[in-house]
Amino acid sequence: MTAPVFVVERMPTGPEFVLEGPEGRHAVSVKRLQPGEDVVLTDGLGHWAEGVVRAAEGKDRLTVTGLGVHEEPAPDPRITVVQALPKGDRGELAVETMTETGVDAIVPWQAARCITQWRGDRGAKALSKWRSTAREAGKQSRRVRFPEVAEAMTTRQVAALLAAADFAAVLHEDRDHDSTPLATAELPAGGSIVLVVGPEGGVSPQELAAFAEAGARPYRLGRSVLRTSTAGTAATALLLGRTGRWG
């Protein structure tokens with residue numbers, strides 16, 4: 001198994017670093033790391049340092065030595081999933097599995113047919129949960145560059161995002177609507193890929209028209225209809241394989 005990952009606010013500037021606070025407590029009291037074990041420290045922005053535990057003290061103090069800071073190259077092409085707001089905790093499930101799979105950015109979308117509404121304090125709390133989920137899933141999957149979780153966007157804002165992409169797609173399962181298999185789509189060698197995942201009720205005709213005007217065509221994944229909480233993960237996996245990022 002690869003070394004466990006812990007998040008730091010600032011990367012180490014010397015050969016030794018003391019991990020404290022919640023991350024230190026997790027390392028000492030939950031993981032129960034011992035001297036001689038390997039760890040990875042990251043800021044979640046692509047910078048990381050691999051070191052060895054020198055000492056574990058108290059309940060939340062871990063001293064790590066032998067550190068040297070590295071930077072993981074930015075992914076190319078970059079994959080963004082625009083995720084319509086699911087019901088209940090399915091939003092966190094979608095964020096968790098997309099993060100573990102390798103998505104680079106997630107955009108919450110208040111689609112017309114979403115039952116869930118992000119307004120006021122409730123919206124701020126929900127966004128905070130998505131971002132926390134991405135952070136924890138990034139650590140769990142040993143990533144050092146965590147996906148960005150943007151502020152919730154309107155349909156107009158999503159259309160602008162699609163218009164700026166090198167490849168833009170709307171995952172649409174309606175068999176009466178003309179669509180192309182995502183597995184056969186012509187993908188760019190680099191740049192940005194943006195996928196839209198609609199709500200359980202589907203993308204409305206007005207939204208499809210707005211996205212089409214922005215250059216996003218409808219695509220399908222396969223014969224089965226996936227839930228909104230799993231479609232983004234499946235599509236991300238497909239694109240990572242096809243672009244060579246999974247190799």
Side-chain angles (χ1 to χ4, degrees), residues 77-99 101 103-131 133-134 147-182 185-188 191-221 225-236 238-239:
R78 175 181 168 87
I79 300 173
T80 298
V81 173
V82 176
Q83 175 67 59
L85 306 180
K87 295 182 292 184
D89 61 358
R90 288 189 174 273
E92 288 99 272
L93 173 63
V95 172
E96 179 180 47
T97 55
M98 284 192 286
T99 299
T101 303
V103 76
D104 303 303
I106 300 168
V107 177
W109 172 39
Q110 188 71 67
R113 294 175 177 172
C114 284
I115 295 176
T116 299
Q117 301 288 319
W118 280 13
R119 295 194 180 98
D121 290 342
R122 179 179 179 180
K125 184 177 180 180
L127 178 60
S128 178
K129 282 186 177 180
W130 280 35
R131 286 175 171 168
T133 298
E148 301 171 18
V149 180
E151 298 279 345
M153 288 191 181
T154 63
T155 296
R156 179 177 294 182
Q157 290 171 321
V158 171
L161 183 68
L162 294 169
D166 295 288
F167 175 82
V170 181
L171 298 182
H172 194 56
E173 81 288 352
D174 188 349
R175 294 300 173 186
D176 295 328
H177 193 95
D178 184 35
S179 61
T180 303
L182 187 61
E186 185 175 346
L187 301 175
S192 64
I193 293 175
V194 180
L195 300 174
V196 175
V197 177
E200 297 292 352
V203 183
S204 73
Q206 294 79 12
E207 290 165 340
L208 281 173
F211 296 158
E213 187 175 349
R217 294 183 55 191
Y219 289 84
R220 61 183 183 274
L221 284 172
V225 176
L226 300 179
R227 300 200 70 159
T228 185
S229 54
T230 56
T233 299
T236 296
L238 173 63
L239 293 176

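In what follows, residues are counted from 1 in the order of the sequence shown. Everything quoted here is computed from the prediction, not taken from an experiment. Below, all heavy atoms of this structure are taken into account, side chains as well, without hydrogens, waters or symmetry copies.
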ask   = Heavy-atom distance under 4.5 Å between the side chains of Leu239 and Leu195, does that happen here?
value = yes
query = Does any N or O in the side chain of Thr228 come within less than 3.5 Å of the main-chain N or O of Gly198, such that one atom is a donor and the other an acceptor?
reply = yes
Shortest non-hydrogen separation from Thr116 to Pro86 and the atoms involved = OG1-O, 2.9 Å
ask   = Is atom CD of Glu213 surrounded by more than 12 heavy atoms (other residues, nucleotides or ligands) closer than 6.0 Å?
value = no
inquiry  = Testing the basics here: between Ala231 and Leu221, what is the closest heavy-atom pair and its distance to 0.1 Å?
reply    = O-CD1, 3.8 Å
request  = Report yes if some heavy atom in the side chain of Phe211 is under 4.5 Å from a heavy atom in the side chain of His172; otherwise report no.
outcome  = no
query = Parallel, tilted or perpendicular: which describes the rings of Phe167 and Tyr219, with under 30° parallel and over 60° perpendicular?
reply = tilted
request  = State the CD-CD1 distance between Gln117 and Ile115, to the nearest 0.5 angstrom.
outcome  = 9.5 Å
query = How close do Ala84 and Ala111 get, heavy atom to heavy atom, and via which atoms?
reply = CB-CB, 4.2 Å
task = State the CZ-CG distance between Arg220 and Leu171, to the nearest 0.5 angstrom.
result = 12.0 Å
key: Basic-acidic side-chain contact under 4.0 Å: Arg90, Glu200   = no
ask   = Within the distance-only criterion (no hydrogens, no angle test), does the side chain of Arg113 pair as donor or acceptor with the backbone N or O of Pro199 below 3.5 angstrom?
value = no
ask   = Taking Asp104 for the side chain and Ile79 for the main chain, is one N or O donor matched with an acceptor at less than 3.5 Å?
value = yes
inquiry  = Counting C-beta onward and ignoring hydrogens, is there a side-chain heavy-atom pair between Met98 and Ile106 closer than 4.5 Å?
reply    = yes
note = Separation between CG (Asp121) and OG (Ser128), nearest 0.5 Å, reads 12.0 Å
request  = Spell out, as yes or no, whether a donor-acceptor pair under 3.5 Å connects the side chain of Gln83 to the backbone of Ala94.
outcome  = no
query = Looking only at heavy atoms, what is the nearest atom pair of Val149 and Ala134, with distance?
reply = CG2-CB, 3.9 Å
query = Of Thr101, Thr99, Thr97, which meets side chain to side chain donor-acceptor pair (under 3.5 Å) against Thr233?
reply = Thr97
query = Just by modelled atom types, is the Trp118 backbone N or O under 3.5 Å from a matching donor or acceptor in the Gln110 side chain?
reply = yes
query = Which heavy atom of Gly191 sits nearest a heavy atom of Asp166, and at what distance?
reply = CA-OD2, 3.1 Å
key: Short side-chain to backbone donor-acceptor contact, Gln157 and Thr154, under 3.5 Å   = yes
message = Please give me the minimum heavy-atom distance between Met153 and Trp109, naming the atom from each residue.
response = O-CD1, 3.5 Å
